[in-house]
Amino acid sequence: MNDKFQPLDRDDDVLLFDNNNTFTVAKLKDLVSQEFKERFLTSYHSQPMYRGGSTERVDIKSDLSTISFDSKSFLCSEIQWKCINSVNCKLLKVDSGGWQEGKLRVQARVVNSYYENNDYKKYKEAVIDICIEFSPARPSEPISPLDDIRQSEEYKKLSNNN
């Protein structure tokens, strides 16, 4: 196994898992994002400063937003999660000729998002960033640039003549 994980940047690439479930990269990101929203985020309505209806706000759950010990508190504006284990799957890239076997892992970040308004930061909402990574079982590129030359018919003929 190669174990060199690369992010999957094309949302229309397809993943096939051992249980025969298939997902596009975009769909898998959506499913993982939904799971994170349920586990790490909370949604509540807040009254705006102007007249009108309430607005929904998404935030990191309060029991995850601070860490306290020895009477000290630390504000957590970011939660990062990275898979230790990877799962077997096959990848079908849109621009490739077939399925590629390998391993898949997921990374996620939950970050409180802010925006600048009149020289001060104002809270916007918690944002979930999902990264799907793939490591091919066999590298798609030759290990050495000379491998292509060594495999060519001309090189084989030249090496047999000596």
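Residues take their numbers from the sequence shown, with the count starting at 1. Hydrogens, waters and symmetry mates are skipped; everything else that's a heavy atom, side chains included, is used.
Put simply, CZ on Phe134 and NZ on Lys93 are 8.0 Å apart, with the number rounded to the nearest 0.5 Å. Separation of atoms CD (Gln34) and CD1 (Ile128) is listed at 9.5 Å; rounding is to 0.5 Å. Interatomic distance, CZ of Phe36 versus CZ of Arg109, reported as 12.0 Å (0.5 Å rounding). Note that SG of Cys89 is 11.5 Å distant from CZ of Phe23, once rounded to the nearest 0.5 Å. Distance check: Lys27 NZ to Asp12 CG gives 15.5 Å after rounding to the nearest 0.5 Å. With rounding to the nearest 0.5 angstrom, the CG atom of Leu16 is 10.5 Å from the CG atom of Leu91.
More than 12 heavy atoms of other residues, nucleotides or ligands shown are found within 6.0 angstrom of NZ on Lys29.
Residues Lys82 and Arg105 are in side-chain contact: their nearest non-hydrogen atoms beyond the backbone lie under 4.5 Å apart. You'll find the side chain of Ser96 stays beyond 4.5 Å of the side chain of Gln100, heavy atoms only.
Proximity of a side-chain donor or acceptor of Asp13 to a complementary backbone N or O of Val94 within less than 3.5 Å is detected. Side-chain N or O atoms of Ser135 include one that pairs as donor or acceptor with a backbone N or O of Lys4 at under 3.5 Å.
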The test is side-chain hydrogen bond (donor to acceptor under 3.5 Å, both in side chains); show your working for Glu133 and Gln6 and say whether it passes. CA-CA 5 Å; Glu133 298 177 312; Gln6 296 293 319; over 6 Å; no

Let's go through Leu15 and Leu8 carefully: what are the C-alpha distance in whole Å and the side-chain angles of both, what is the deciding distance for side-chain contact (heavy atoms from CB on, under 4.5 Å) to 0.1 Å, and is it a yes or a no? CA-CA 10 Å; Leu15 299 163; Leu8 296 177; 3.9 Å; yes

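Each of Thr22, Leu104, Ile130 was scored for a side chain to side chain contact (heavy atoms under 4.5 Å, CB included) with Leu28, with one residue passing: Leu104.
Follow the hydrophobic side-chain contacts under 4.5 Å out from Leu31 and you reach Val25 in the same cluster. Phe17 and Leu92 are assigned to two separate hydrophobic clusters, defined by single-linkage of ILVMFWY side chains at heavy-atom distances under 4.5 Å. Under the 4.5 Å side-chain heavy-atom criterion for Ile, Leu, Val, Met, Phe, Trp and Tyr, Val14 and Val106 are members of distinct hydrophobic clusters. Under the 4.5 Å side-chain contact rule for hydrophobic residues, Ile132 and Trp99 do not share a cluster.
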